[in-house]
Amino acid sequence: MLQTVWVSLLGKRALRQPDCHCGGKQRSWRCGFVRTIIQNPCLRHDSRTPGKARMFKKIQICLCCFFVLGILYEISLLSSCFFSYMPMPKHFLTPEQVLNLGKSIIFLETTERLEPPPLVSCSVESAARIYPDRPIILFMKGLTNNTVLDINSSYAAFSLLSSMKNVFIFPLQMENVFQETPLLQWYNQVVPEEEKNWVHVSSDASRLALIWKYGGIYMDTDVISIRPIPEESFLAAQKSQFSSNGIFGFPAHHKFIWDCMENFVLKYNGNIWGNQGPFLMTRMLKAICNLTDFKGTEDHSCQNISFLNPQRFYPIPYPAWRRYYKVWDKSPNFNISYALHLWNFMNRNRKAVVAGSNTLAENLYKVYCPTTYKDLILNVKLKNFTRSEDSA
């Protein structure tokens, strides 16, 4: 259904063999054994010596049995330690195989850009660090099956993210994503060029379809993860009685998500921003739950769906989004938050993280996405300084 795109990393890493570790346990004997079998698949014997022929035949059978058992053992461990085998050849895992492992963290880029900006990189990296045993998937509309980006390309964030063992980057092919969902008919009829908010609307639809099909957690690309979310079925309250759709999680084939897709089509109005996003989630939740105001930091629950307190993801509400880019006398600890939404839609890329500024956002980058901070923030500042020195 979905197609794999290979992000090529040139040099030794492109040919790197599995390191044969899982959970800290070395399995080099088995990897060496498998390599031996692959390199020497047929043991030839001397036909003039029947006894030796039978002996070699028995050895062949035993070795083949061990080889098959080794392969089966690898498959049984796939869901827990396949991340050790990075970088992978493009034929090794398809998007479906990764998604079918379950519990994926899904990000979407529905513009055509190929270079993830620092905030997107930070969001993906922070999730990869907080959820090391879960697949972190970034779907990008700008990618195609033939896209090849290497470590020497100008897309620094691409090589940064693709080097992380549990991060996967795939093309976003919406027609395939919407197959076998109520959204396919809508997608076949809508004209993207005539849609006022197509980038947002297409993202709203894609996240619903992917979570319904495969389950897991969807996150916006301006969400920085700071600790694991313990809930499986949840919505994030932006404020009392109002749900966001910037982060939510459900198991596969959950009825609530199916109902949301049906309502998406039934009540579609692409001219109203958020009508297919947070307003959709809110009206669907209100249809099955009696929502009340939050009195403190408690979470609410209804129909086995957790409605998580605004402090979990939105401790700084959207009218105060600029506080992320200001210097704080004492940085907040966000000790009851699972992740932080930095409101990039409000920011519209006007404010950015600057090395040495000591803003709250810079300090968050340092702690939760240190590789992004080093490669895309600090190094950029050093390069710019070097250029200015050279031109002086």
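Below, all heavy atoms of this structure are taken into account, side chains as well, without hydrogens, waters or symmetry copies.
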Less than 6.0 angstrom separating the ring centers of [X] and [Y], yes or no?
| X | Y | value |
| --- | --- | --- |
| Phe248 | Phe234 | no |
| Phe307 | Phe294 | yes |
| Tyr318 | His341 | no |
| Trp273 | Phe345 | yes |
| His253 | Trp212 | yes |

As an exercise, state the distance from [atom1] of [X] to [atom2] of [Y], rounded to the nearest 0.5 Å.
| X | Y | atom1 | atom2 | result |
| --- | --- | --- | --- | --- |
| Gln276 | Met281 | CD | CE | 12.0 Å |
| Cys260 | Leu235 | SG | CG | 7.5 Å |
| Lys326 | Ile316 | NZ | CD1 | 10.5 Å |
| Ile247 | Tyr218 | CD1 | OH | 9.5 Å |
| Tyr214 | Ile137 | OH | CD1 | 9.5 Å |
| Leu340 | Arg312 | CG | CZ | 12.5 Å |

Identify which one of [options] satisfies the side chain to side chain contact (heavy atoms under 4.5 Å, CB included) criterion when paired with [X].
| X | options | result |
| --- | --- | --- |
| Val124 | Val223, Val167, Ile169 | Val167 |
| Tyr365 | Leu376, Thr359, Ile224 | Ile224 |
| Ile106 | Ile217, Leu210, Ile136 | Leu210 |

Does any part of the side chain of [Y], heavy atoms only, come nearer than 4.5 Å to the side chain of [X], both counted from C-beta?
| X | Y | answer |
| --- | --- | --- |
| Pro315 | Pro310 | no |
| Leu143 | Phe158 | yes |
| His300 | Leu291 | no |
| Ile229 | Phe313 | yes |
| Met174 | Ser206 | yes |
| Ile377 | Pro118 | yes |
| Leu172 | Glu109 | no |
| Phe256 | Phe250 | yes |

Find out if a path of hydrophobic residues (ILVMFWY) with successive side-chain heavy-atom gaps under 4.5 Å connects [X] to [Y].
| X | Y | result |
| --- | --- | --- |
| Val353 | Trp328 | yes |
| Val367 | Leu119 | yes |
| Val199 | Val177 | no |
| Leu280 | Ile272 | no |

Is the closest side-chain donor-acceptor distance between [X] and [Y] under 3.5 Å?
| X | Y | value |
| --- | --- | --- |
| Tyr314 | Ser244 | yes |
| Asn271 | Asn197 | no |
| Asn166 | Arg134 | no |
| Thr110 | Ser203 | no |
| Arg207 | Ser202 | no |
| Glu125 | Thr372 | yes |
| Asp375 | Tyr373 | no |

Legend entry - salt_bridge(Lys141, Glu112) N-O dist < 4.0 Å: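 Here Lys141 pairs with Glu112 in a salt bridge, since their nearest N and O are under 4.0 Å apart.
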
Inset, instruction - Please determine if Lys103 and Asp133 form a salt bridge, counting it only when a charged side-chain N lies under 4.0 Å from a carboxylate O. - result: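 Salt bridge absent between Lys103 and Asp133.
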
Legend entry - Asn188, CG: over 12 other non-hydrogen atoms inside 6.0 angstrom: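 Buried by this count: over 12 neighbours within 6.0 Å.
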
Inset, instruction - Please indicate whether Glu195 has more than 12 foreign heavy atoms, meaning atoms of other residues, nucleotides or ligands, lying under 6.0 Å from its CD. - result: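 Atom CD in Glu195 is packed in, count exceeds 12.
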
Legend entry - Heavy-atom closest pair, residues Trp343 and Pro317: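 Shortest heavy-atom contact: NE1-C, 3.7 Å.
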
Legend entry - Closest contact, heavy atoms only, Glu115 versus Ala156: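 So the two residues come closest at OE2-N, 3.4 Å.
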
Inset, instruction - Please step through side-chain contact (heavy atoms from CB on, under 4.5 Å) for the pair Asn290 and Cys302, ending with a clear verdict. - result: CA-CA 8 Å; Asn290 179 26; Cys302 170; over 6 Å; no

Inset, instruction - Report the C-alpha separation of Arg323 and Leu360 in whole Å, then their side-chain angles, then the decisive distance to 0.1 Å, and conclude whether the side-chain contact (heavy atoms from CB on, under 4.5 Å) test is met. - result: CA-CA 8 Å; Arg323 296 182 67 190; Leu360 176 58; 5.8 Å; no

Inset, instruction - Assess whether side-chain contact (heavy atoms from CB on, under 4.5 Å) is satisfied between Thr371 and Arg129, documenting all intermediate values. - result: CA-CA 11 Å; Thr371 306; Arg129 291 177 179 274; 2.9 Å; yes

Inset, instruction - Please work out which of the three classes, parallel, tilted or perpendicular, describes the rings of Phe242 and Phe279, given edges at 30° and 60°. - result: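 Geometry flag for Phe242 against Phe279: perpendicular rings.
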
Inset, instruction - For the pair Lys213 and Leu99, evaluate side-chain contact (heavy atoms from CB on, under 4.5 Å) and give the outcome as yes or no after the intermediate values. - result: CA-CA 9 Å; Lys213 285 185 172 183; Leu99 287 163; over 6 Å; no

Legend entry - Main-chain N/O of Phe178 paired to Thr181 side chain as donor or acceptor, under 3.5 Å: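 Flag set: sc Thr181 to bb Phe178 pair under 3.5 Å.
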
Inset, instruction - Report the C-alpha separation of Gln311 and Thr297 in whole Å, then their side-chain angles, then the decisive distance to 0.1 Å, and conclude whether the side-chain hydrogen bond (donor to acceptor under 3.5 Å, both in side chains) test is met. - result: CA-CA 7 Å; Gln311 292 296 315; Thr297 59; over 6 Å; no

